[in-house]
Amino acid sequence: MRILLGVSGGIAAYKAVLLLRLLREQGHAVRVIPTRAALEFVGAPTFEALSGEPVSTEVFDDVPGVQHVALGKGADLVIVAPATADFLARAATGRADDLLTTTLLAASCPVVLAPAMHTEMWEHPATRANVATLRERGVHVIEPASGRLTGVDTGPGRLPEPEDIAREALSVAGAGGAQGSVQDLAGRTVVVSAGGTREPIDPVRFIGNRSSGRQGVALAQAALARGATVTLVAANLAQDVTDQVEAGPGRAACTVVRVESTAELREAVRTAGADADVVVMAAAVADFRPAATPDAKIKKVPGQGPAPIELVENPDILAEIAHERLRPGQVVVGFAAETGDASGSVLDHGRTKARRKGADLIAVNAVGSGRGFGTDANDVTVLDGAGDVVGQAAGSKREVADALWDAVVKRLP
Ligand SMILES: Cc1cc2nc3c(=O)[nH]c(=O)nc-3n(C[C@H](O)[C@H](O)[C@H](O)COP(=O)(O)O)c2cc1C
């Protein structure tokens with residue numbers, strides 16, 4: 001999930017550092033936008049080092065990038081913690097006098113504010129009115145905790161603990177239950193293959209498929225958020241999907257192994273899978289490959305028709321791993337992307353595949369005609385190894401990913 005963490009200038013700004021670290025550990029990409037006053041309390045280098053992303057406070061810091069619009073539109077969730085009385089007032093009146101407030105107006109994702117201030121400030125009618133206005137607009141304002149404030153004072157107005165803010169904010173973003181707080185894959189090692197393999201015909205051509213890698217990457221991100229150590233075996237991901245997983249500032253904190261062909265994917269999955277509790281084969285793997293791959297480009301000879309390309313069968317990686325189990329007790333999950341035809345429906349084909357492969361779970365989805373591949377949503381039926389329906393999930397690929405992990409967790413020893 002891409003999170004914007006706004007930090008305004010209260011004494012509790014130091015807790016934003018812990019919140020940032022927590023969100024990063026859960027696998028989220030976090031961009032911190034402090035106010036000028038926040039930087040009086042915590043320095044920008046701290047936020048930059050822990051987020052791996054640049055930090056700026058002003059809309060004029062990167063004019064060509066029109067930051068506030070890019071950041072606002074690209075975010076899945078905005079959290080402001082701590083939110084000062086001043087920030088609440090500016091947000092309630094729609095002020096846009098720094099990068100944080102301007103970005104807030106450009107954001108259409110869920111917004112969660114965690115106010116923190118002295119009890120008198122929190123209970124002041126002006127602050128109460130601002131909070132009421134924000135709540136009416138759909139902003140989620142977390143109730144401050146009660147306890148020790150700055151100095152010797154105690155009372156309501158204290159910033160809740162970072163764990164509590166993260167849990168509440170992620171559940172507001174619909175990432176709650178599973179993605180947000182439940183660390184039910186903590187201590188587990190998982191391997192997810194994503195994308196589609198390419199089988200070389202000659203040095204410049206290949207046989208490929210339309211898989212973008214979106215579902216596999218969503219599975220990897222969901223597993224990270226649930227506490228797993230993740231290896232993503234990435235086969236030719238679409239560019240925007242690659243951008244999500246590229247190592248570097250703010251990206252998903254999983255190990256990424258890039259592969260191209262089915263043979264490379266098999267090698268990578270088997271290597272990483274030897275230590276894995278779970279292997280999820282979400283990549284679209286070619287069933288066949290050209291029998292021979294010449295070193296030179298195949299030339300068109302005028303007057304002669306195309307030379308036939310002889311295909312040979314690729315190893316069935318899913319069936320192989322499911323039958324062998326690279327590690328005792330390993331849970332193996334496959335995907336069946338089906339179109340349905342005269343011989344059977346999407347589910348019929350999925351059932352046949354489930355029984356043949358020997359995997360613990362098979363997620364069956366209908367593809368083709370704008371469905372499944374390359375889209376942001378998915379609709380899967382989850383079958384067990386016997387072909388019986390054990391779950392159904394529809395929604396974003398992240399939601400589908402979490403439903404699948406729910407089913408996996410039940411099968412882990
Ligand atoms: C030591 C110190 C602590 C402060 N703590 C808070 C606080 O906890 N909550 C708050 O609303 N304002 C607090 N303030 C006041 C804000 O810093 C001030 O209102 C500022 O204008 C907030 O700017 P911002 O909302 O742009 O971050 C504090 C000020 C100082 C000097």
Side-chain angles (χ1 to χ4, degrees), residues 3-20 30-48 50-51 53-62 67-68 71-72 75 78-107 111-135 137 139-166 168-169:
I3 298 174
L4 297 182
L5 175 58
V7 183
S8 56
I11 195 80
Y14 72 94
K15 285 193 186 172
V17 176
L18 305 174
L19 177 59
L20 165 61
V30 187
R31 168 79 182 244
V32 181
I33 311 180
T35 62
R36 286 180 288 273
L39 294 183
E40 297 285 336
F41 293 88
V42 180
T46 302
F47 293 130
E48 287 182 332
L50 289 177
S51 67
E53 302 211 18
V55 160
S56 43
T57 57
E58 308 300 335
V59 275
F60 294 102
D61 284 345
D62 171 16
Q67 284 192 91
H68 57 285
L71 289 169
V78 177
I79 305 173
V80 182
T84 58
D86 177 56
F87 172 84
L88 294 173
R90 289 187 291 134
T93 50
R95 294 288 300 271
D97 52 4
D98 61 10
L99 184 58
L100 178 56
T101 46
T102 312
T103 302
L104 207 62
L105 292 180
V111 174
V112 175
L113 309 181
M117 61 201 73
H118 261 81
T119 307
E120 291 77 0
M121 293 169 79
W122 174 243
E123 290 177 347
H124 193 284
T127 305
R128 305 309 309 156
N130 291 332
V131 169
T133 302
L134 289 162
R135 283 182 170 151
R137 267 187 222 142
V139 172
H140 185 91
V141 182
I142 298 177
E143 273 304 305
S146 200
R148 180 92 187 262
L149 304 168
T150 325
V152 293
D153 300 353
T154 58
R158 191 182 148 89
L159 189 73
E161 291 313 304
E163 289 78 2
D164 298 331
I165 298 173
E168 196 164 336

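Order of listing sets the numbers, starting from 1, for every ligand and every atom in it.
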Distance under 4.0 Å to a non-hydrogen atom of [X]: what atoms of ligand 1 satisfy this?
| X | value |
| --- | --- |
| Met121 | 10 (C), 11 (O), 12 (N) |
| Ser8 | 25 (O), 27 (O) |
| Phe87 | 25 (O) |

Item checked: Flag side-chain contact, heavy atom, 4.5 Å: Asp98 against Thr57 ->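 No; the side chains remain at least 4.5 Å from each other.
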
Next item on the list: Measure from the side-chain N and O atoms of His124 to the backbone N and O of Ala126, and report whether any donor-acceptor pair falls under 3.5 Å.
Entry: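 It does hold such a pair.
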
Check: Got a donor-acceptor contact below 3.5 angstrom from the Arg36 side chain to the Glu58 backbone?
Finding: no

Would you compute the distance between atom [atom1] of [X] and atom [atom2] of [Y] and round it to the nearest 0.5 angstrom?
| X | Y | atom1 | atom2 | result |
| --- | --- | --- | --- | --- |
| Arg31 | Leu71 | CZ | CG | 5.0 Å |
| Leu100 | Thr35 | CG | OG1 | 7.0 Å |
| Ile79 | Ile142 | CD1 | CD1 | 7.5 Å |
| Leu134 | Phe87 | CG | CZ | 8.0 Å |
| Leu99 | Gln67 | CG | CD | 5.0 Å |
| Thr84 | Ile11 | OG1 | CD1 | 13.0 Å |

Is it the side chain (CB and beyond), the backbone, both or neither of [X] that lies under 4.0 Å from ligand 1, heavy atoms counted?
| X | result |
| --- | --- |
| Ala12 | neither |
| His118 | neither |
| Thr35 | side chain |
| Arg90 | side chain |

For [atom], closest protein heavy-atom neighbour:
| atom | result |
| --- | --- |
| atom 9 (N) of ligand 1 | Ala116 O, 2.9 Å |
| atom 29 (C) of ligand 1 | Phe41 CZ, 4.1 Å |
| atom 16 (C) of ligand 1 | Gly9 O, 3.2 Å |
| atom 25 (O) of ligand 1 | Thr84 OG1, 2.6 Å |
| atom 5 (N) of ligand 1 | Ile11 N, 3.3 Å |
| atom 20 (C) of ligand 1 | Ala37 CB, 4.0 Å |

Under 3.5 Å between any N/O of [X] and any N/O of ligand 1: does that happen in this structure?
| X | answer |
| --- | --- |
| Ala38 | no |
| Gly10 | no |
| Asp98 | no |
| Ala85 | yes |

Next item on the list: Kindly identify the option in Asp86, Leu39, Val7 whose heavy atom sits closest to atom 23 (O) of ligand 1.
Entry: Asp86

Next item on the list: Please check if atom CD in Glu143 has more than 12 non-hydrogen atoms from other residues, nucleotides or ligands closer than 6.0 Å.
Entry: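 Yes, enclosed.
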
Check: Taking all atoms of both residues into account, what is the closest heavy-atom pair of Leu159 and Ala114, and its distance?
Finding: CD1-O, 3.3 Å

